[in-house]
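Step one of this worksheet: look at the structure below.
Position 1 is the first residue of the sequence, and the numbers go up from there. Atoms within each ligand, like the ligands themselves, are counted from 1 in listed order. No experiment lies behind these values; they were computed from the predicted model shown.
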Amino acid sequence: MVNQKKFKISVPATSANIGPGFDVLGMAFSLYLTLDCERLPDGSALQMSYEGEGAKDVPLVAEKNLITKTALYVLSTYGITSLPPLKIHVTNPIPLGRGLGSSGSAVVAGVVLANAAGNLNMTKDRMLDYCLMVERHPDNVAPALFGGFVASFLRELGPEELEPASIPRSEPTRNGAAQPPTPVTDIGHYIQLGWSQEIKAIAVIPDFEVATEDARAVLPDVYERADVIYNLQRIAVLTAALSRTPVNADLIHKAMADKVHQPYRKHLIPGMSEMLEEITPKTYPGVAGICLSGAGPTILVLATDNFDNIATAVQDIFKRQPNGGIKSIYKVLDVVHGGAQTDYYD
Ligand SMILES: Nc1ncnc2c1ncn2[C@@H]1O[C@H](COP(=O)(O)OP(=O)(O)O)[C@@H](O)[C@H]1O
Ligand SMILES: N[C@@H](CCOP(=O)(O)O)C(=O)O
């Protein structure tokens with residue numbers, strides 16, 4: 001099966017945080033990064049092509065592209081120094097730098113690619129360790145790998161694992177540090193949570209990027225106890241409320257408030273504060289909750305109905321921002337149960 005000539009890897013887009021669940025919660029969406037792969041005869045060079053989001057900017061050199069760079073890193077820890085001869089066609093509908101987990105999906109795709117191309121036979125739990133060596137926060141990579149609505153945490157690393165060279169890194173794309181070594185095991189822990197299928201996700205995606213690294217740089221190192229309690233109370237209620245039918249929109253909306261990351265990021269996303277205040281279950285029936293998607297700038301509205309009107313209301317707030325307004329598009333997405341997968345065929 002694994003030696004079949006062709007295989008296809010699919011990895012869903014994700015939204016992380018979901019309000020109070022900063023670096024904890026994430027969900028997988030019905031929007032897939034795909035890699036169509038074909039094994040080539042021994043001695044052939046890697047052939048890589050790419051269509052979709054990022055096509056103009058994403059490098060197609062194996063050592064530079066985040067997908068293949070991640071695959072090379074994984075293979076290197078198995079003593080394999082190059083990618084086996086492959087033709088890879090990447091199709092990417094996930095906008096880059098918008099808070100829909102494009103880098104997490106690319107990292108997951110790289111680990112899954114290494115597993116398939118190198119016949120490594122890794123479990124998904126082991127793949128998670130590798131993903132976390134490249135992208136440090138688990139809230140995108142865990143749902144991209146496993147699917148669904150996921151809560152995750154990292155185990156505390158011991159002193160020797162905290163040696164600089166061993167620290168799993170976030171945002172691999174913009175630092176030039178040496179490759180991390182073979183990961184220790186069980187870095188990440190996760191659980192798939194219940195999700196009420198009546199709730200869909202509206203992603204309103206503005207036409208500018210916010211690099212996750214920049215959106216993390218604006219956060220404080222230390223928080224007030226009251227703010228931590230505020231988020232802990234809400235996250236516990238939110239995870240249960242999102243699994244219940246009938247949907248309690250008022251409770252979900254209140255439980256999606258956050259004091260840990262959104263207030264510090266609001267200046268990076270013009271209009272976000274107005275959106276969080278104005279788009280409520282009362283003003284727009286069908287709304288269940290609203291938050292920044294990941295590190296932004298996409299706005300995520302959870303809703304049961306009235307999707308186009310709600311999306312238009314968010315878009316109108318982007319449009320009325322100073323200096324000519326901000327253009328946006330929107331996608332109405334399902335939360336999908338399946339995560340990354342590899343299909344083999346002739
Ligand atoms: N499909 C992809 N192929 C290669 N690199 C990618 C891909 N998707 C994302 N990246 C890299 O990840 C960066 C975006 O990461 P990040 O700032 O974390 O935003 P996001 O919120 O989209 O994950 C891009 O600038 C690019 O370097
Ligand atoms: N918890 C992270 C999530 C980043 O998600 P992304 O999709 O914006 O990369 C954060 O909020 O920094």
Review point. Do Leu238 and Trp195 share a hydrophobic cluster, counting only Ile, Leu, Val, Met, Phe, Trp and Tyr and linking them when any side-chain heavy atoms are less than 4.5 Å apart?
Key: yes
Check your understanding: Looking at Lys5 and Glu38, does any basic side-chain N land under 4.0 Å from a carboxylate oxygen?
Key -> yes
Review point. Heavy-atom count around Glu224 CD within 6.0 Å, excluding the residue itself: above 12?
Key: no
Review point. Which atoms of ligand 2 have any heavy atom of Arg265 under 4.0 Å away?
Key: 10 (C), 11 (O), 12 (O)
Review point. If you measure from each non-hydrogen atom of Arg136 to ligand 2, which part falls under 4.0 Å: side chain, backbone, both or neither?
Key: neither
Point to revise | Ala211 N/O to ligand 1 N/O under 3.5 Å | key: no
Review point. Checking Arg234 against Tyr230: charged group under 6.0 Å from the ring centre and within 45 degrees of the axis?
Key: yes
Check your understanding: Taking non-hydrogen atoms only, is Asp139 closer than 4.0 angstrom to ligand 2 via side chain, backbone, both or neither?
Key -> side chain
Check your understanding: Using heavy atoms and a threshold below 4.0 Å, how should the contact between Leu100 and ligand 2 be classified: side chain, backbone, both, or neither?
Key -> backbone
Check your understanding: Are Asn306 and Tyr284 close enough that a side-chain donor and a side-chain acceptor fall under 3.5 Å?
Key -> no
Practice item. Please confirm whether Ala295 comes under 4.0 Å of ligand 1, counting heavy atoms of the residue only. Key: no
Exercise for review: Determine, using ring centers only, whether Phe307 and Tyr330 are less than 6.0 Å apart.
Suggested key: no
Practice item. Pick, from Asp57, Val107, Val58, Thr298, the option with the minimum heavy-atom distance to atom 4 (C) of ligand 1. Key: Val58
Review point. Atoms of ligand 1 less than 4.0 Å from Ser103 heavy atoms?
Key: 9 (C), 12 (O), 15 (O), 16 (P), 18 (O), 23 (O)
**Study point:** Identity of the nearest option to atom 7 (O) of ligand 2, non-hydrogen atoms only, from Gly101, Gly294, Gly97
**Key:** Gly101
Review point. Looking at ligand 2, does any of its N/O atoms fall within less than 3.5 Å of an N/O of Thr212?
Key: yes
Point to revise | Pair Arg320 + Asp316, salt bridge at N-O below 4.0 Å | key: no
Practice item. Using the six-membered ring wherever Trp is involved, compare the ring planes of Tyr223 and Tyr264 and label them parallel, tilted or perpendicular (cut-offs 30° and 60°). Key: perpendicular
Revision key, fill the gap. Scanning both residues in full, the closest heavy-atom pair of Asn140 with Ser15 reads ND2-C, 4.4 Å
Exercise for review: Consider ligand 2: state whether an atom of it lies below 4.0 angstrom from any non-hydrogen atom of His261.
Suggested key: no
**Study point:** Sub-4.0 Å atoms of ligand 1 with respect to non-hydrogen atoms of Ser102
**Key:** 8 (N), 9 (C), 14 (C), 20 (P), 22 (O), 23 (O)
Review point. Considering distance alone, does some N or O of Thr212 sit under 3.5 Å from an N or O of ligand 1?
Key: yes
Check your understanding: Is Ala16 touching ligand 2 with its side chain, its backbone, both, or neither, if touching means heavy atoms under 4.0 Å apart?
Key -> side chain
Review point. Is Ala295 close to ligand 2, meaning an N/O of one under 3.5 Å from an N/O of the other?
Key: yes
Practice item. Indicate yes or no: does an N/O atom of Ser103 lie under 3.5 Å from an N/O atom of ligand 2? Key: no
**Study point:** From the candidates Ile67, Leu66, Asn65, the one that places a heavy atom nearest atom 11 (C) of ligand 1
**Key:** Leu66
Review point. By number and element, which atoms of ligand 1 are closer than 4.0 Å to a non-hydrogen atom of Gly99?
Key: 21 (O)
Practice item. Go through ligand 2 atom by atom and flag the ones less than 4.0 Å from a non-hydrogen atom of Arg216. Key: 1 (N), 2 (C), 10 (C), 12 (O)
Check your understanding: Heavy-atom count around Leu219 CG within 6.0 Å, excluding the residue itself: above 12?
Key -> yes
Review point. Hey, are Asp334 and Lys200 close enough for a salt bridge, meaning a charged N less than 4.0 Å from a carboxylate O?
Key: yes
Point to revise | Any N or O of Gly97 closer than 3.5 Å to N or O of ligand 1 | key: yes
Check your understanding: Would Lys6 count as a cation-pi partner of Tyr345, with NZ or CZ less than 6.0 Å from the six-membered ring centre and within 45° of the ring normal?
Key -> no
Exercise for review: Check each atom of ligand 1 against the heavy atoms of Arg98 and keep those under 4.0 Å away; list them by number with element.
Suggested key: 21 (O), 22 (O)
Review point. So, Lys8 and Asp343, do they make that salt bridge, N to O below 4.0 Å?
Key: no
